[in-house]
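For clarity, every value in this text was computed on a predicted model and none was experimentally measured. Each ligand, and each atom within it, is numbered from 1 in the order the structure gives. Numbers here are sequence positions counted from 1.
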Amino acid sequence: MSGDERVVPLDRVVRRVLEGVSGRDSRYVIGIAGPPGAGKSTLADALREAFGSAHGVRIAEIAPMDGYHLSNAELRVRGDLARKGEPDTFDAAGYVENLGRLRHAPIGEPVPWPTFDRRIEEPTPAGVVFTRQRVVITEGNYLLCDGAWSGVRDLLDERWYLDADRDVLERRLLRRHLRGGRTADAARAKVRDSDLRNADLIARTRSRADLVLRERQGGYYAVVR
Ligand SMILES: Nc1ncnc2c1ncn2[C@@H]1O[C@H](COP(=O)(O)OP(=O)(O)OP(=O)(O)O)[C@@H](O)[C@H]1O
Ligand SMILES: [Mg+2]
């Protein structure tokens, strides 16, 4: 680890966020952006666990950007199924609108959020319903992008970017596509022509993050600038 890196234990992040959360009427929103395969969903899960529960209710819940994937049927009609995963194959306006609702709705008022079922590669409407959770962890590729996504940044209390080396991304994504049933050739093509091109686009948004994280052994994540 070089001199300009800092180790950030998740429990310290949790303590800092909880100090900001107490006394607020609205939810605190942490956004985790980053390229496909960086480990955003994995980090979000670990963070949700680290926040724990109070009075039998989770303090933090995850609002995945992936829940706003357009359905396969809609992408097929538009002729965009092969481009699934690119910025305009999501309902970005729906994501921004519901994130605003989540942020501003009184704690306790139910706000449904769609999740994404990787086994069938389709969104699940109202896969999670926010009620008394005070912290939102929203994670996805395009949180710091422009265009239809440009409204996201103002809805985030913290803008994080989880980075990973390209060869790590490539290896993880290949494994994911092979497990999902693609042939080796099809998996390589998807990684090369789609995932890594999206990763390049996303990398250009890294400078907008407040905190750039990289995974380290032992569940620690380090700031790299
Ligand atoms: N810290 C880690 N150590 C080892 N493997 C990891 C780690 N984080 C993630 N992975 C693995 O890498 C793969 C991708 O992780 P994950 O699904 O969390 O990435 P993601 O950033 O959410 O990707 P996407 O943008 O495509 O949703 C998974 O197989 C996961 O198990
Ligand atoms: Mg993910």
Option of least heavy-atom distance to atom 5 (N) of ligand 1 (set: R171, M65, R172): R172
Residue part near ligand 1, for N141, under 4.0 Å between non-hydrogen atoms: side chain
Non-hydrogen atom of R214 closer than 4.0 Å to ligand 1: no
Ion pair check, R134 and D25, cut-off under 4.0 Å: no
Charged N-O contact under 4.0 Å between R24 and D157: yes
Residues H177 and D195: side-chain donor-acceptor under 3.5 angstrom: yes
SB check E86 R83 (cutoff 4.0 Å): yes
Region of K40 that comes within reach of ligand 1 [heavy atoms, distance under 4.0 Å]: both
G34 near ligand 1 by a heavy-atom separation under 4.0 Å: no
Any N or O of G39 closer than 3.5 Å to N or O of ligand 1: yes
Side-chain donor or acceptor of R153 paired with backbone N/O of C145 under 3.5 Å: yes
S71/E122 under side chain to side chain donor-acceptor pair (under 3.5 Å): CA gap, chis, key distance, verdict: CA-CA 6 Å; S71 69; E122 293 277 16; 4.9 Å; no
Gap separating the CG atom of L155 from the OG1 atom of T138, nearest 0.5 angstrom: 9.5 Å
Per-atom contacts, ligand 1 versus D66 - under 4.0 Å to a heavy atom: 27 (O)
T42 backbone or side-chain N/O/S under 2.8 Å from the Mg ion (ligand 2): no
Element-labelled atoms of ligand 1 that are located less than 4.0 Å from some non-hydrogen atom of R175: 29 (O)
Distance-only polar pair, side chains of Y68 and N98, donor-acceptor under 3.5 Å: yes
Within-cut-off N or O pair, R179 and ligand 1, under 3.5 Å: no
Contacting atoms of ligand 1, where contact means under 4.0 angstrom from a heavy atom of R118: 24 (P), 26 (O), 27 (O)
